[in-house]
Amino acid sequence: MSILVYIEQDQGKIKSSSLEAVSYASALSERSGGKVSVLGLGTIAEEDWAQLGQAGAEAIYHVADERLNSGVIQAHAHMIALVYQQVNASTLVLAKSALGDAVAARLAVKLNAGLVSNVVGLPELSDGFVVKRSIFTGKAFVDTAIPTENRILAIKKNTQPIKTDGTAVIVEKLTLELPESVFAAKITGKEKASGEILLPEADIVVSGGRGLNGPENWGMIEDLADSLHAARGCSKPVSDLGWRPHHEHVGQTGVKVAPSLYIAIAISGAIQHLAGVNASRHIVVINKDPEAPFFKAADYGIVGDAFEIVPKLTKAIKALKQ
Amino acid sequence: MNILVCITHVPDTTSKIKFTAENTQLDKTGVQFIIGPYDDYALARAVELKEETGGSITVLNVGEAETEPTLRKALAIGADEAIRVNAFPKDAYFVAEQIAHQAKEKEYDMILMGRESIDFNGGMVHGMVGELLAIPSVSPVMKLELEGETARLDREIEGGKEFIEVALPFIAGCQEPIAEWKIPNMRGIMSARTKPLTVVDAVSVDQRTETRTYELPEPKGEVKIVENVDQLVELLKNDAKIL
Ligand SMILES: Cc1cc2nc3c(=O)[nH]c(=O)nc-3n(C[C@H](O)[C@H](O)[C@H](O)COP(=O)(O)OP(=O)(O)OC[C@H]3O[C@@H](n4cnc5c(N)ncnc54)[C@H](O)[C@@H]3O)c2cc1C
Ligand SMILES: Nc1ncnc2c1ncn2[C@@H]1O[C@H](COP(=O)(O)O)[C@@H](O)[C@H]1O
């Protein structure tokens, strides 16, 4: 019985959350046995494959069909199910993401598998197969047993460190038939900034709130983000007002992030915003109001005017990095 | 256009989450329950589509009797009838089987759900129902326009969006800014009292996951307030070891 890992690419690069998923599967196989196979779909940069062996993959399969480059949910689910059966897997591991969730759900039905999403740790195996998952948008956790023969685990970001000491593996190319029916939801176009650091994947996030007064003031947020190689986020009113695109909106009704460092600038820290950031390792808050609720959720804080502090911070970080 | 909207009955986003019965149950004391915020977006868009094209909206919840006020609220917002599948929603797969069972009998043109529930946050039920009914499921959907028998959807992706064309029937997991949340008006509230709310039995389903004990996160330590950016950079470098 083996473990199959489904990896995602973004603009041809393997996502770091997928490398975490491979590392998770490798650690799982040390506990429960089973060979770790990895499946990549669509166009993936040649030089990226080596990372999978390093992360613990023992076999790698690639279906290079270009139609799989974007989020064709049913086509991905169809392909994964075929390979899952071919490698005689009993566990599918993937990174939690918008696409991963949508694909995993369909696979749970196809494979008669017990599916747990938002997994935050390796399983306990002493009394069944029990994993811990995050619920109530990070406000709680629950131990969940999976009694079925087949299992799917969608891993939350920052659960498993990326392993780099594995060995090289040869990539095996597969050509598998895709029925027309899996393209029933047809992708007709895409709008995406290229080269941007993806918010859910980022290790550092710099976020701005309504206190910044308008989109014309985002230059300093961008400068700070660039100096830290960070992704940009914002609060809900900021995207509601159209100051920033919706995919930057963080919180209960937006993107949930789990970076090493989250920097919140002129954001009050409403409970719905905190729900999206409570999995961050470290939180820095910059706010002119010492009573802002965000300080209670922060590790480090500066009370003061963002327009004064942020440019100084960018300068200090640039100086440090030189 | 006959639309099915599946809604959850979940603690208000400001609720403090606690557990009882040796951490095996949610402590509901003092908790106010609402329509899940993403489900509310789905319902709001359904109401707009009905205004444009006519037809009828059915709201469905899989839950015990306590969820009925939440279903009534959905009727007040603009749904025409409600179905409650009388069962504790054990897990996403259990819920998906119930929804699929109801949908098979009625043949809806479109099934709208929330992108995810805010209690278990799986984001799974729509995909499972899609597979059970063998129809496309798209999530997270931030725009939905109809052109006859075809729908044009914007699906949010990391760093942007994808444009999708799909024929009816299909399932969408909705999120903002698909529509503005709707607040029930007095007429809606009055008419909701007499709209039909049907209670049906659940179909039996093999259990695929089993929730055991709950746990709260470790409390956060004290915040360190610093006077200037140099001190902050120092802490990030030597205390947090990030820079
Ligand atoms: C169901 C529901 C879901 C929600 N989901 C989300 C969500 O996903 N994400 C989200 O963010 N919100 C969400 N909200 C909204 C949330 O309740 C808050 O309204 C929102 O987070 C406030 O955004 P803000 O902090 O940017 O703005 P404000 O509350 O206006 O706060 C602005 C802050 O900036 C500070 N400030 C002003 N000027 C300066 C300056 N010059 N320098 C430094 N600081 C300054 C102020 O002191 C203040 O703390 C949701 C609400 C509901 C009801
Ligand atoms: N108990 C339930 N009753 C009706 N619909 C539900 C239920 N649970 C989940 N859903 C629907 O499925 C969506 C996704 O839920 P989940 O997979 O739990 O994140 C929700 O936004 C609802 O639209």
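Below, read A as the first sequence line, B as the second, and so on, with proteins coming before strands; counting in each chain starts at 1. The basis for the numbers below is simple: all heavy atoms, side chains too, and nothing from hydrogens, waters or symmetry mates. Everything numeric in this text was worked out from a predicted model, so none of it was measured.
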Are [X] and [Y] within salt-bridge range, i.e. N to O under 4.0 Å?
X: A/Lys256; Y: B/Glu116; result: yes
X: B/Glu162; Y: A/Lys192; result: no
X: B/Arg212; Y: A/Asp127; result: yes
X: B/Lys220; Y: A/Asp299; result: yes

Contact part of [X] toward chain B, heavy-atom cut-off under 4.5 Å: side chain, backbone, both or neither?
X: A/Ile73; result: side chain
X: A/Lys156; result: neither
X: A/Ser181; result: neither
X: A/Leu228; result: side chain
X: A/His246; result: both
X: A/Pro147; result: both
X: A/Leu115; result: both
X: A/Val130; result: side chain
X: A/Ala231; result: neither
X: A/Ile135; result: both
X: A/Ala113; result: backbone
X: A/Leu199; result: neither
X: A/Glu191; result: both
X: A/Ile302; result: both

For chain B, which candidate among [options] shows the most heavy-atom pairs at distances under 4.5 Å?
options: A/Lys315, A/Lys236, A/Glu248; value: A/Lys236
options: A/Ser260, A/Ser117, A/Gly189; value: A/Gly189
options: A/Asn118, A/Thr188, A/Leu107; value: A/Thr188
options: A/Asp203, A/Leu320, A/Val255; value: A/Leu320

Rounded distance (nearest 0.5 Å) linking atom [atom1] of [X] with atom [atom2] of [Y]:
X: B/Leu236; Y: A/Leu313; atom1: CG; atom2: CG; value: 7.5 Å
X: B/Leu243; Y: A/Lys321; atom1: CG; atom2: NZ; value: 6.5 Å
X: A/His249; Y: B/Glu156; atom1: NE2; atom2: CD; value: 9.5 Å
X: B/Asn121; Y: A/Ser134; atom1: CG; atom2: OG; value: 6.5 Å
X: B/Leu232; Y: A/Ile286; atom1: CG; atom2: CD1; value: 6.5 Å
X: B/Thr209; Y: A/Arg151; atom1: OG1; atom2: CZ; value: 13.0 Å

Minimum heavy-atom distance between [X] and [Y], given as atom pair plus value:
X: A/Ala316; Y: B/Asp230; result: CB-OD1, 4.3 Å
X: A/Ala98; Y: B/Arg115; result: CB-NH2, 4.4 Å
X: A/Ala104; Y: B/Met124; result: CB-CE, 4.5 Å
X: B/Leu216; Y: A/Ala140; result: CD2-CB, 4.2 Å
X: A/Ala185; Y: B/Ile164; result: CB-CG2, 4.0 Å
X: A/Thr253; Y: B/Pro37; result: CG2-CB, 3.9 Å

The test is side chain to side chain contact (heavy atoms under 4.5 Å, CB included); show your working for B/Glu210 and A/Thr144 and say whether it passes. CA-CA 5 Å; B/Glu210 196 186 294; A/Thr144 307; 5.8 Å; no
[X] versus chain A, heavy atoms under 4.5 Å apart: side chain, backbone, both or neither?
X: B/Ile242; answer: side chain
X: B/Leu153; answer: neither
X: B/Phe120; answer: both
X: B/Gln207; answer: backbone
X: B/Ser139; answer: backbone
X: B/Val226; answer: both
X: B/Tyr214; answer: both
X: B/Pro217; answer: both
X: B/Lys237; answer: side chain
X: B/Arg152; answer: neither

Would you say the side-chain atoms of B/Asp119 pair up with the backbone N or O of A/Phe136, donor to acceptor, closer than 3.5 Å?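 Such a contact is absent between B/Asp119 side chain and A/Phe136 backbone.
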Side chain of A/Lys139, backbone of B/Ser15: donor and acceptor closer than 3.5 Å? yes
Residues A/Asn112 and B/Arg208: side-chain donor-acceptor under 3.5 angstrom: yes
Cut-off 3.5 Å, side chains only: do A/Gln272 and B/Thr13 have a donor facing an acceptor?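 Yes, side-chain donor-acceptor contact under 3.5 Å.
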Would you say that [X] contacts [Y] through its side chain, given a criterion of any heavy-atom pair below 4.5 Å between the two side chains?
X: B/Glu158; Y: A/Glu196; result: no
X: A/His247; Y: B/Ile157; result: no
X: B/Glu215; Y: A/Lys132; result: yes

Take a 6.0 Å sphere around CD of B/Glu222 and say whether it holds more than 12 heavy atoms from other residues, nucleotides or ligands. no
Going through the checks in order, is the side chain to side chain contact (heavy atoms under 4.5 Å, CB included) test met by A/Tyr300 and B/Asp239? CA-CA 10 Å; A/Tyr300 312 115; B/Asp239 192 48; 2.6 Å; yes
Start with the C-alpha gap between A/Lys110 and B/Glu131, add the side-chain angles, then the distance that decides, and say whether side chain to side chain contact (heavy atoms under 4.5 Å, CB included) holds. CA-CA 7 Å; A/Lys110 277 188 202 292; B/Glu131 191 66 26; 2.9 Å; yes
Quick one, B/Val229 with A/Ile309, criterion side chain to side chain contact (heavy atoms under 4.5 Å, CB included). Give me CA distance, side-chain angles, the key distance, then yes/no. CA-CA 7 Å; B/Val229 296; A/Ile309 294 165; 3.7 Å; yes
